[in-house]
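Report on the structure given below.
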Protein chains: 2
Amino acid sequence: MRIGELGDTAGVALPTIKYYLREGLLPPGHRTSRNQAQYDDDHLRRLRLIRALIEVGGLPVAKVHDVLAAIDEPGLPVHKMLGAVSKGLCTPAEATHDPARTDARRQVEELIERHGWQVSDKTAEIDIVASVITRLAELGHPGFVTVLDAYFEACQRIAEADVDYVARLGKLEDVLEGVVLGTVFGEAALAAIRRLAHQSTSAKRFGPA
Amino acid sequence: MRIGELGDTAGVALPTIKYYLREGLLPPGHRTSRNQAQYDDDHLRRLRLIRALIEVGGLPVAKVHDVLAAIDEPGLPVHKMLGAVSKGLCTPAEATHDPARTDARRQVEELIERHGWQVSDKTAEIDIVASVITRLAELGHPGFVTVLDAYFEACQRIAEADVDYVARLGKLEDVLEGVVLGTVFGEAALAAIRRLAHQSTSAKRFGPA
DNA sequence: CCATGTGGATAGTGTAACTATCTATTATAG
DNA sequence: CTATAATAGATAGTTACACTATCCACATGG
């Protein structure tokens with residue numbers, strides 16, 4: 001198909017597609033002449049993925065680029081790819097050396113150990129959780145850490161379901177895409193479901209007034 | 001304290017504070033003369049809250065405004081406030097009437113019912129989950145819904161821990177702030193912990209190579 | 001008293017994500 | 001075979017957002 005049809009099918013404005021091509025999010029079409037190119041179903045699929053990451057996942061274009069690059073890296077083992085995707089999705093917590101943060105980091109590491117998780121100790125996510133703890137302490141909520149135990153427990157189940165799902169996909173390239181989609185869409189879904197659970201739990205606890 | 005000290009203490013540039021005052025995120029100080037005002041610990045606390053919502057929660061200023069307005073609403077019962085905060089935090093899914101979406105909505109409602117949750121059926125979060133399902137189906141992942149069961153299960157525990165935490169705070173205004181912080185910071189922490197769990201689970205499952 | 005700090009108004013900056021326009025082609029419907 | 005529409009690529013413009021800077025008249029405090 002030609003670029004116009006691609007845009008119509010995916011519901012994306014033509015100049016936007018050109019923009020994605022310029023930014024390298026979308027691979028160029030197969031040229032048939034100086035000003036003509038053909039786009040196939042892979043382009044359509046990729047374009048839908050891009051839009052989904054931006055609209056549902058709220059990712060900036062630059063991060064979409066990183067994530068797609070990780071998917072496209074040939075011969076990357078799945079767990080490396082997972083790391084690359086995570087890194088692409090992560091907004092690293094601001095680096096700081098204040099003692100409160102160091103302490104918070106240790107608390108997170110202890111939670112990881114207590115749950116028997118195998119996690120590289122230079123994972124950026126540890127710092128994210130640590131910065132959440134620190135910020136909450138600054139705001140007068142030092143007790144929030146106790147809640148995190150439940151989060152770890154819950155995430156254990158969630159991660160197993162997630163990994164089960166992508167493992168079942170079988171074909172490597174589907175698995176790679178599955179990891180990205182599972183990470184990003186799963187996060188969006190999880191946040192929404194958690195809020196539904198809040199609504200329900202507080203409704204039940206504080207009476208049907 | 002004066003505005004300069006407020007900025008220094010909170011680590012926020014003075015023009016930024018003026019900007020937040022203009023936008024109504026921060027209430028004005030207590031005027032002592034035409035061009036002087038005093039700021040107290042409440043202002044400092046509020047300013048830290050604003051920065052936290054923006055930096056950790058990634059909220060746009062406009063949403064911070066909505067959320068703060070919900071906190072400040074006097075005499076609002078907690079569950080109403082929770083709804084207002086959720087609405088403030090929510091990026092509503094694009095409205096659409098395609099049949100796939102209607103079907104996805106029904107799937108979500110079935111999940112809600114199966115878990116016995118009490119949720120208003122016009123909650124925006126239902127549409128968010130539905131749009132995630134639809135998007136994933138479009139991208140060739142119609143099976144992802146099966147994973148959501150685990151998400152619901154997990155969120156049940158999480159929400160109980162969350163509600164326990166804020167209920168323990170006791171004082172109303174602390175509870176209100178706790179709801180905001182728990183929602184926003186909890187979401188950030190949860191996403192990070194989930195990714196840690198992914199790392200661990202896939203490391204264990206796919207061998208210590 | 002006078003350098004420094006302030007409130008309020010207005011204007012400017014930088015980035016991100018498009019969106020529009022232009023030119024030289026090429027495809028294609030009539 | 002021609003007139004219309006579509007296309008690739010380059011460049012420039014737009015919009016929204018979150019600050020950031022400058023100005024002024026006035027106030028504070030060493």
Side-chain angles (χ1 to χ4, degrees), chain A residues 1-40 43-44 46-68 88-89 91 94, chain B residues 1-40 43-44 46-68 88-89 91-92 94 184:
Chain A
M1 73 187 97
R2 298 204 292 169
I3 196 171
E5 195 185 340
L6 179 65
D8 288 345
T9 313
V12 177
L14 200 142
T16 305
I17 296 179
K18 286 187 170 188
Y19 166 64
Y20 293 158
L21 286 167
R22 283 200 300 279
E23 296 294 310
L25 299 193
L26 205 54
H30 305 271
R31 301 301 293 275
T32 59
S33 67
R34 185 161 4 153
N35 66 333
Q36 294 292 297
Q38 283 293 311
Y39 301 86
D40 55 25
H43 287 100
L44 180 56
R46 172 57 58 97
L47 182 53
R48 285 207 170 113
L49 177 59
I50 293 167
R51 291 308 298 169
L53 292 175
I54 289 172
E55 286 176 29
V56 180
L59 298 197
V61 167
K63 277 184 195 287
V64 174
H65 182 272
D66 295 348
V67 170
L68 295 178
L89 298 175
T91 309
E94 71 287 27
Chain B
M1 74 187 99
R2 301 202 292 170
I3 196 171
E5 196 185 340
L6 178 65
D8 288 345
T9 312
V12 177
L14 200 142
T16 305
I17 296 178
K18 286 188 171 186
Y19 167 62
Y20 292 157
L21 286 167
R22 282 200 301 281
E23 296 295 310
L25 300 193
L26 205 54
H30 306 271
R31 300 301 293 274
T32 59
S33 66
R34 186 164 1 153
N35 65 336
Q36 295 291 296
Q38 282 293 311
Y39 301 87
D40 56 24
H43 288 99
L44 181 56
R46 173 56 59 99
L47 183 53
R48 287 207 169 114
L49 176 59
I50 293 167
R51 292 308 299 171
L53 291 175
I54 290 172
E55 286 176 27
V56 180
L59 298 197
V61 167
K63 277 185 194 287
V64 173
H65 182 272
D66 294 348
V67 170
L68 294 177
L89 298 174
T91 309
E94 71 287 29
V184 175

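Sequence lines set the chain letters: A, B, ... in the order given, protein chains first and strands last, and positions in each chain run from 1. This one's a predicted model, so the numbers in the text were calculated from it and none came from an experiment.
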So, for [X] and [Y], which heavy atoms are closest and what is the spacing to 0.1 Å?
X	Y	value
Gly24(B)	His65(B)	O-CD2, 3.8 Å
Val67(A)	Leu89(A)	CG2-CD2, 3.8 Å
Gly88(A)	Asp66(A)	CA-CB, 4.5 Å
Ala37(A)	Arg31(A)	CB-CD, 3.7 Å
Val184(B)	Gly57(B)	CG1-CA, 3.4 Å

What's the NE2-P distance between His30(A) and dT7(D), to the nearest Å?
-> 16 Å

Whole-Å gap separating P (dA5(D)) and CG (Leu14(A)) | 16 Å

Heavy-atom protein contacts under 4.0 Å, nucleotides 24-30 of chain D, coded B base, S sugar-phosphate only, - none | --BSS--

If you look only at pairs with a residue in residues 7-24 of chain A, which of them pass as a side-chain hydrogen bond (donor to acceptor under 3.5 Å, both in side chains), with sequence neighbours excluded?
-> Tyr20(A)-Arg51(A)

Nearest 0.5 angstrom please: [X] [atom1] to [Y] [atom2], how far?
X	Y	atom1	atom2	value
Ile50(B)	Leu59(B)	CD1	CG	11.5 Å
Gln38(B)	Met1(B)	CD	CE	8.5 Å
Ile17(A)	Tyr39(A)	CD1	OH	8.0 Å
Leu14(B)	Arg2(B)	CG	CZ	11.0 Å

Residues touching DNA chain C, which here means a heavy atom under 4.0 Å, drawn from residues 19-29 of chain A | Tyr19(A), Tyr20(A), Arg22(A)

What residues 60-68 of chain A contributes to the DNA chain C interface at heavy-atom separation below 4.0 Å is Pro60(A), Val61(A)

Can you find a heavy atom in the side chain of Leu21(B) that is under 4.5 Å from one in the side chain of Ile3(B)?
-> yes

Just wondering, do Lys63(B) and Leu53(B) contact through their side chains at under 4.5 Å, heavy atoms?
-> no

Does His43(B) reach the main-chain N or O of Pro28(B) with its side chain, forming a donor-acceptor pair under 3.5 Å?
-> yes

Which nucleotide of DNA chain C is the first, and which the last, in the 5' to 3' direction, to come under 4.0 Å of a heavy atom belonging to chain A?
-> dA17(C) to dA27(C)

Contacts to DNA chain D from residues 47-58 of chain A, heavy-atom cutoff under 4.0 Å, which residues?
-> none

